[in-house]
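Below: the structure, in structure tokens.
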Amino acid sequence: MCQDKPSKGLNKAAAGAETKVDANGEVIGQRLSCYLAPTMKESPAEAEIISHKLMIRAGLIRKLAAGIYSYLPLGLRSIRKVERIIRAEMNSFGAREVLLPAVQPAELWKESGRFDKYGPELLRFKDRHDRDCVVGPTHEEVITDLIRREVRSFRDLPLNLYQIQTKFRDEIRPRFGLMRGREFIMKDAYSFDVDDAGADLSYRDMYQAYENIFTRCGLGFAVVEADSGTIGGSFSHEFMVLAESGEDALAFCGKCSYATNLEKAKIGDYLIYEAPEAALEKVHTPGCRHVPQLAAFMKTPESSIIKSMLFEVEGGEPVLVLIPGHREINQTKLKLALGGATPALASPEEAERIMGVPMGFVTPVGAKVRILADLAIGRMENGVVGAGQADYHFANAKPGRDFPVGGYLDLAVAMEGDPCPHCGAPMTLKRGIEVGHVFKLGTKYSEAMGAKYMNREGTELPIIMGCYGIGLGRTIAASVEQSHDKDGIIWPMALAPFQVALLPLQVQNEAVSQATQKLYGELTDLGVETLLDDRDERPGLKFKDADLLGLPLRLTVSEKGLAQGQVELKERRGRQVTMLPLAGAALAIKEARDEALKNG
Ligand code: ATP
Ligand code: MG
């Protein structure tokens, strides 16, 4: 295809300047004119966040169907960069690479109990023999099956196996390009240990490996505590790239090291409405169904109102949850309080059927259902609650005196400025993109699927497991989300598809053409990954495309510069321009590249 290019100017002269391949067979130099790197002026209407827009516009990815993308050469090169960093770190921590099948027999998922639990995200199908199969959204079942067959004794452990593989999750709302796809590439690792202490060491190693990986990727990230459900002996951390567009809300203490996903953010004692105890009093509150209306009508702060919210509980009786009026209920905390049963807010109709009164006037006073209250409710002497009668509320209600509470628990969603549960300093809320997740699983899968080992004494015991995931596409997208400007992507050196954009401005000019070829040869010989824009296009267009693609270093060869024996080096990030003598340019660029790689 490239050979058919018009043989004029640089293209002819550059016949020798074909794709350069290094000793490992990796492409180190590439001409843009014969590369599939289609740039676009406009981004597709559906692209909501900047990384999605830029990755499409720069020609890194193309959509095939909702949440399913093809990686074009440039996009794939960045993916490979992340892969290499991951491999280097995983290998150096003693993990071993495997590759597990994408298609998995449903039997394994029935054994673990997840075939029914996983929900519609799990893509299920039948093969020609009518056997139930799934396309792996994750690989705990497959790896546990492998281990229960291969591991016999404590001598075989510890073990950490990882793979870089394509997952499928039929996400309800695939969006943001590679950020939340249905098909996506994940590095997943699984550790197997003889005891808790060993499992904790494996976890610590992976935590460290992840810190190294994301640092080497040049990302600004935070590690937060994550919800690990109700499995005994388990815990979990998420690696979050901080970005406004992040789907996760995070809470950070301004003083101590407390950092957590908002889902599990505990709250220290916070002050709410303070008023002296008084006798319960029924008040006519016509039409006041919602907290703001009621607060305005009663001329009282929203924090003085005790919201009574009815939840239906999976496999159990409904519960009435009490929370200060200005607060939201944290469903993850509530689920934990309910011993792991999933709560769902009752619909207005259902709430009215169970409580015998329209929503907004539901009362805990004399209620027949179990009552749970937020800790802050327990600190109230005086509040406003529904009166269990349409259009009426009680003033001066006191928890414990006027209605029984089955338990006071931390149930609210943390808010900006709430006190840290450890040190009391105000917490800050930020948004993040979850790029990695480490999880101490304990014996959940080994117990369910019978993955055991024989200890020194000859006793069979369940293996203690951990699992560790990184989304590769999401990591690339998060990098773009964090590092771009109005003109395009700004790649960190470590993830850039190429390290240098080589831009000859007048490709027809003999001197320019010759100098370009010389530089291209020198750079690639020095191992600098170079993308040569050999297209016979206007300089303005070349500069625009170079900014859009965002390679860290741009080397411009022009007639004007050559007249002074110089070429122009421009850094994409700081936009700093340096004129370099043609003779030493390649070496100077190699040094700049090495420096940038060192600094992440
Ligand atoms: P999320 O909460 O974002 O749905 P998850 O908790 O389901 O993620 P894990 O099962 O922990 O994700 O998967 C490990 C890693 O795989 C995540 O940290 C993320 O980087 C990546 N990942 C998960 N789901 C997707 C997806 N739909 N698209 C792209 N990457 C994903
Ligand atoms: Mg997760």
Side-chain angles (χ1 to χ4, degrees), residues 49 51-52 55 61 63 65-69 71 75 79 82-83 85-86 90 112 114 117-123 135-143 162-190 203 206-207 209-211 213-214 217 219 221-229 231 234-243 245-250 260-264 331-332 431-441 444-445 465-482:
I49 59 171
S51 58
H52 186 190
M55 289 175 79
I61 54 168
K63 178 172 144 182
I68 303 182
Y69 287 84
Y71 303 88
I79 292 279
V82 184
E83 265 181 33
I85 292 172
I86 290 176
M90 294 302 290
S112 72
R114 285 209 290 186
K117 278 219 176 114
Y118 209 93
E121 272 186 25
L122 181 62
L123 182 63
V135 183
T138 175
H139 279 69
E140 282 82 4
E141 281 78 2
V142 171
I143 199 99
Y162 78 97
Q163 63 172 342
I164 296 175
Q165 195 250 12
T166 298
K167 307 281 184 242
F168 193 91
R169 295 182 183 177
D170 209 349
E171 299 271 357
I172 184 166
R173 226 158 70 79
R175 60 192 178 282
F176 305 157
L178 299 188
M179 201 76 96
R180 183 167 298 281
R182 292 198 296 158
E183 185 178 302
F184 60 96
I185 306 170
M186 194 202 286
K187 186 287 298 177
D188 45 330
Y190 306 87
Y203 186 90
M206 285 299 100
Y207 188 110
Y210 276 34
E211 286 205 320
I213 288 167
F214 294 119
C217 285
L219 291 164
F221 65 95
V223 192
V224 302
E225 291 177 18
D227 176 43
S228 57
I231 317 167
S234 66
F235 46 83
S236 151
H237 287 91
E238 288 165 337
F239 288 72
M240 293 282 182
V241 168
L242 300 177
S245 63
E247 291 185 276
D248 285 85
L250 316 172
T260 174
N261 196 304
L262 191 66
E263 277 179 358
K264 92 174 280 237
Q331 297 246 7
T332 309
R431 299 204 70 84
I433 300 164
E434 181 200 319
V435 286
H437 191 176
V438 293
F439 203 127
K440 185 180 168 201
L441 289 167
K444 180 179 167 177
Y445 294 93
M465 288 174 60
C467 69
Y468 317 93
I470 295 179
L472 278 77
R474 194 182 281 185
T475 299
I476 297 289
S479 171
V480 176
E481 201 61 35
Q482 196 168 60

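Atoms within a ligand are numbered from 1 in the order they appear, just like the ligands themselves. None of these values were measured; they are calculated from a predicted model.
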Measuring from non-hydrogen atoms of [X] to any atom of ligand 1, is the shortest distance under 4.0 Å?
| X | result |
| --- | --- |
| T138 | no |
| G181 | yes |
| E247 | no |
| D188 | no |

The reported gap from CD in E140 to CZ in F439 (rounded to nearest 0.5 angstrom) is 9.0 Å
Taking only heavy atoms of [X], which atoms of ligand 1 are found under 4.0 Å from at least one of them?
| X | value |
| --- | --- |
| L178 | 29 (C) |
| V435 | 18 (O), 20 (O) |
| E171 | 24 (N), 26 (C), 27 (N) |
| G436 | 18 (O) |
| H437 | 11 (O) |

Quick one: does [X]'s side chain have a donor or acceptor within less than 3.5 Å of a partner on [Y]'s backbone?
| X | Y | answer |
| --- | --- | --- |
| R474 | M179 | yes |
| R169 | P137 | yes |
| Q482 | L242 | yes |
| T475 | G471 | yes |

For ligand 1, find out whether one of its N or O atoms is nearer than 3.5 Å to an N or O atom of [X].
| X | answer |
| --- | --- |
| D248 | no |
| I470 | no |
| G469 | no |

Item checked: Ring geometry between F239 and F214 (parallel below 30°, tilted from 30 to 60°, perpendicular above 60°) -> tilted
For the residue pair Y468 and Y203, categorise the inter-ring angle as parallel (less than 30°), tilted (30 to 60°) or perpendicular (more than 60°).
tilted
What I want to check is whether the side chains of E481 and S51 have a donor and an acceptor closer together than 3.5 Å. yes
Would you say V438 and V223 make side-chain contact, with heavy atoms under 4.5 Å? no
Ranking M179, K167, R169 by closest non-hydrogen atom to atom 10 (O) of ligand 1, top hit is R169
Within the 4.0 Å heavy-atom cut-off, what R180 brings close to ligand 1 is both
